[in-house]
Amino acid sequence: MEQTLTDFINWFSTFPEWALCPILFGLALVQYIFPPVPSDTLLVALGILVSQGVFNSILGFTSYSLGAVLGATALFTVAYKLGDRVRKIKIINRLIDEKTYEKARKTIDKYGGGSYFLLRFVPSMQCISIIVMGLLKIRKRKAYFYVSCVTVLACAVYYLIGVILGANIPMILRVLDAMGTIGKILLVALIAVIVAAIVIYKLRKKQTDKQEE
């Protein structure tokens, strides 16, 4: 396991930083349109690579943060200018049902632009909250301030999680190797339980929403 991780890190280190920075910027930007990989996962991975000396900490974090801020503020601007027409877009219509919209609206009505501090770390609410802020015509300067600050804060949080995980990889691997096959089985089982729990939660949520309708 340790050798596999080492090989992956060595392979990644062969890429020049000037090529990786635009890629990070682009992925952070398009996550608000079509997230190929969950943004938080990318940031954790970046933190791990930085902790292993594969990537420059300032270049990596800055590239991703700039892309994320630009994507988030652009999404707000589009929602602000188009208004209710945004909800007629098929992808957004599926993303924001009436119940989800009302939850976000109530929170934003109560806390204003500061509500993004609360909603950014709620699963699936990252983009929804920005769109709803635009639809509710939150004052632009205030919205841009909160969206930008919270986006950078969220990037820092998940990035630091990756750095901490990366710094402790040797210890984690030693524990797993010491446990041998049993350790690997337990790790796979834990991942399976987490995935199953997420799927069950989403299915139950859909059933509840249908019953309430």
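The basis for the numbers below is simple: all heavy atoms, side chains too, and nothing from hydrogens, waters or symmetry mates.
When all heavy atoms are compared, the tightest approach of Ile130 to Ala72 is CG2-O, 3.5 Å. Minimum interatomic distance between Ile138 and Phe76 (heavy atoms only, all atoms of both residues): O-CZ, 3.5 Å. Across Ala28 and Ala68, no two heavy atoms sit closer than the pair CB-N, 3.5 Å. Between Ser148 and Val69, the shortest heavy-atom contact is OG-CG1, 3.6 Å. The two atoms that bring Ala154 and Leu43 nearest to each other are O-CD1, 4.4 Å, heavy atoms only.
If you take CD1 on Ile48 and CD1 on Ile161, they are separated by 10.5 Å, rounding to the nearest 0.5 Å. Summarising the geometry, atom CZ belonging to Arg139 is positioned 9.5 Å from atom OH belonging to Tyr146; distances are rounded to the nearest 0.5 Å. In this structure, OG1 in Thr62 is found 11.0 Å from CG in Leu24, a value given to the nearest 0.5 Å. Between the CG atom in Leu75 and the CE atom in Met133 there is a gap of 10.5 Å [rounded to 0.5 Å]. Atom CD1 in Ile131 sits 6.5 Å away from atom SG in Cys127 (nearest 0.5 Å).
Each of Thr151, Val147, Val78 was compared with Thr73 under the side-chain contact (heavy atoms from CB on, under 4.5 Å) criterion, and only Val147 meets it.
Contact annotation: the side chain of Lys140 never approaches that of Thr77 to less than 4.5 Å [non-hydrogen atoms, C-beta and beyond].
Side-chain contacts under 4.5 Å among hydrophobic residues (ILVMFWY), followed directly or transitively, place Leu29 together with Phe25, Leu66, Leu70.
For Tyr159 and Ser65, the side-chain atoms include no donor-acceptor pair closer than 3.5 Å.
Summarising the local packing, NZ of Lys137 is surrounded by more than 12 heavy atoms from other residues, nucleotides or ligands at distances under 6.0 Å.
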